[in-house]
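To start, the structure itself, in C-alpha cells.
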Amino acid sequence: MAQFIDRRLNGKNKSAVNRQRFIRRHKEKIKESVADAVNRRSITNTETGEDVSIPHKDISEPIFHQGQGGVKERVHPGNDQFIQGDKIERPKGGGGGGGTGEGDASPDGEGQDEFVFQISKDEYLDILFEDLALPNLDKTQINKITEWKTHRAGYQTAGNPANIAIVKSLQQSLARRTAMTAGKRRMMHELEEELNRIQNQEPAQLIEERRLKEEIASLRKKIDSVPFIDTFDLRFKNYERRPIPSSQAVMFCLMDVSGSMDQATKDIAKRFYVLLYLFLTRTYENVEVVFIRHHTQAKEVDEHEFFYSQETGGTIVSSALKLMNEIVSDRYPVGQWNIYAAQASDGDNWADDSPRCRDLLQEGLLPKCQYYSYIEITRRSHQTLWHEYEKLENSFSNFAMKNIRSVDDIFPVFRELFKKENA
C-alpha cells in the first residue's frame, strides 16, 4: 500500500490544509468572535488578524471508551497509596474548563484555558464580509467589475494531496507499467513457446531447457519489480479562477459634516463608511466610489479629504442630493451602471429643506438607483428628515433606512443593509 506524505513547507511550519479544515469545522464560533471583534477594535484597524478563543470542550475529538458496569481490574503504575480492594470515591464536580471565571474552575482551583489561535488579515476580512453583497445588482451593457469563479482545468503533476485524482493516477500507473513490461512479456511469451517445443522433442535437450527456464525466471523477476504506482504517476485536479460576466457599479457616499454633527457622531459615520469601503474593495474589483461631503454646500472630494477633512458649517441636506443627481446624469448612464448610495446624517436639517430632499429622492434618484440606504446617527428623537424619508420606505423597495445610536450598532446595521438575499 502506498502512503503519500505532503512535505511541502507551510507558513510557520503549519499545515495549510489542516488549518482550513479546522476553520471550516469551527466557522460559527469564529464568526461570532469576528463579530465581537468589530466592536472591540477600530474598524480601520485591519492590518492584523484576530485572536479567536474556542472552549476546550468544543475542540475535543469524539472517542470510544469503556462503558459503566462489569468487573474490571486495573494496574496503575507508580501506586504506593492503595492496595487491591480499596474503594476510591469518584471526584465531585468536574475538571473545570475555560479558565474564564470562578464558575468554570474545579474545587481544587484547577482547570483548562480556552484554545486560542489567530486568523490572518485575509481570513478575518473574508469571514467579516462572507454573507454580504450589493443588493439588486443587475447585468448592464458594459462589464467592468471583475468577478471570479473557480473551474476545473484538467490535471497537474503536483498539487494538494486533498485534490489527488485517484482514477487518473491509476490510469497513468497502468500505462507506465504496460510500457515498461510489454517488451519483456512478449519476449517471455516467445521463450515459453520455445521451451514447450523443446520439451516435446526427443531426445530431451536439458541444457537448452535449463537456459530457457533461467531466462524466463529473470524476465518474470524484472516484470514483478516494476512498482504498482510511482510518484511519476500521480495526477492532481487542477483548478483555475476565470472571470465571469458581471456588472459595473458606482457607490455614492454622502456624509453630513455640518456643525450639528459633533466629533463622536462624525467618528461613527466615518467608521461606517470605512467598513463600507473595505467591503466594496474586498468583494468587488473596479467598483467606483464617489465621496460627497456636505454642510450648506456639497462638494465631491477624494478618499483622504472625505475621511480627514475638518471642514464644517450649517446644514442643507438637499445640496448633496442635487450634486449626486448631477454626477449621475453626467458620468453614470442608468442603462450602463448599477447605482448605489449610502447617506449618513444626524437628521438635523432645515425644516423646509427636508420635503425637498424627499422630492429629490422620489422623483430623481430612487428611480435611478439599485439601492439607497439612509443611516441616521442620533440618540435623540427623530426629526423632520427621518419623518420625510419614512414616507418613501413603503413606496420604494430599493430604499432602506436605519438608526445607529452607538458604535456597537455599526456592524449589525451594516450587515442588515447589505446582507445577501439568499443568506
Side-chain angles (χ1 to χ4, degrees), residues 1-30 54 58-65 117 119-120 122-123 126-127 130 146-199 209-246 422:
M1 177 176 293
Q3 183 178 7
F4 308 111
I5 301 176
D6 184 10
R7 298 189 182 278
R8 293 171 297 165
L9 295 179
N10 291 284
K12 298 182 180 179
N13 297 324
K14 296 178 181 177
S15 170
V17 177
N18 291 337
R19 179 180 180 83
Q20 292 304 316
R21 185 182 297 115
F22 178 85
I23 290 177
R24 287 196 302 270
R25 286 183 57 188
H26 301 283
K27 196 160 193 175
E28 290 303 319
K29 180 63 69 174
I30 294 173
I54 297 178
D58 289 343
I59 64 172
S60 60
E61 295 285 349
I63 60 173
F64 290 101
H65 58 85
F117 76 104
I119 57 177
S120 66
D122 290 336
E123 291 168 340
D126 286 342
I127 295 172
E130 181 183 31
T146 305
E147 293 185 2
W148 302 87
K149 188 173 182 180
T150 302
H151 293 268
R152 283 287 305 276
Y155 302 92
Q156 56 186 358
T157 57
N160 191 324
N163 292 333
I164 188 170
I166 297 176
V167 175
K168 190 67 175 178
S169 299
L170 292 177
Q171 289 175 344
Q172 291 294 127
S173 170
L174 178 61
R176 174 185 55 81
R177 286 182 284 114
T178 301
M180 294 181 67
T181 62
K184 297 180 179 64
R185 292 182 185 277
R186 184 167 52 252
M187 186 180 300
M188 186 174 66
H189 181 67
E190 293 174 356
L191 292 176
E192 288 175 344
E193 290 182 347
E194 180 67 17
L195 178 62
N196 290 333
R197 187 181 63 81
I198 292 176
Q199 289 177 340
E209 182 179 345
R210 187 181 302 110
R211 182 187 66 81
L212 290 175
K213 288 182 179 180
E214 290 176 353
E215 290 184 8
I216 292 173
S218 176
L219 288 173
R220 183 173 287 110
K221 185 177 181 180
K222 290 180 180 180
I223 292 173
D224 293 340
S225 66
V226 175
F228 178 78
I229 194 165
D230 191 82
T231 53
F232 176 79
D233 305 324
L234 298 182
R235 294 296 181 269
F236 300 85
K237 299 173 185 176
N238 186 34
Y239 298 91
E240 67 177 16
R241 297 176 67 215
R242 300 175 186 171
I244 57 176
S246 184
N422 59 348

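Evaluation of the salt bridge (charged side-chain N to carboxylate O under 4.0 Å, His left out) test over residues 162-186, restricted to residues two or more places apart or in two chains, returns Arg176-Asp233. Applying the salt bridge (charged side-chain N to carboxylate O under 4.0 Å, His left out) test to every pair with at least one member in residues 157-167, sequence neighbours left out, gives no pairs at all.
Arg210 is linked by a side chain to side chain donor-acceptor pair (under 3.5 Å) to nothing, counting only residues two or more places apart in sequence or in another chain. With sequence neighbours excluded, no residue forms a side chain to side chain donor-acceptor pair (under 3.5 Å) with Glu214. Checked against salt bridge (Lys or Arg N to Asp or Glu O under 4.0 Å), Lys237 has no partners two or more places apart in sequence or in another chain. Every residue two or more places apart in sequence or in another chain that forms a side-chain contact (heavy atoms from CB on, under 4.5 Å) with Glu240 is listed here: Ala153, Arg242. For Glu193, the side chain to side chain donor-acceptor pair (under 3.5 Å) criterion is met by His189, not counting sequence neighbours.
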Listed pairs under 3.5 Å, donor-acceptor, residues 216-224 side chains, sequence neighbours left out:
from	atom 1	to	atom 2	distance (Å)
Arg220	NH2	Glu192	OE2	3.3

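Rounding to the nearest 0.5 Å places CD of Gln172 at 11.5 Å from CG of Asp230. Taken from CG in Asn160 to CG in Asn238, the straight-line distance is 12.0 Å, to the nearest 0.5 Å.
Although no hydrogens or angles enter the test, the distance criterion places a donor-acceptor pair under 3.5 Å between the side chain of Thr178 and the main chain of Leu174.
Contact check for Ile164 versus Ser169: side-chain heavy atoms found under the 4.5 Å cut-off. Within the 4.5 Å cutoff, side-chain heavy atoms of Tyr239 are placed close to those of Asn163.
When all heavy atoms are compared, the tightest approach of Ala165 to Tyr155 is CB-CE2, 3.5 Å.
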Check the pair Gln199, Glu209 against side-chain contact (heavy atoms from CB on, under 4.5 Å), reporting the backbone distance first and the verdict last. CA-CA 7 Å; Gln199 289 177 340; Glu209 182 179 345; 3.1 Å; yes

Determine, step by step, whether Leu212 and Ile198 satisfy the side-chain contact (heavy atoms from CB on, under 4.5 Å) criterion, reporting the C-alpha distance in whole Å, the side-chain angles of both residues, the deciding distance to 0.1 Å, and the verdict. CA-CA 10 Å; Leu212 290 175; Ile198 292 176; 3.4 Å; yes

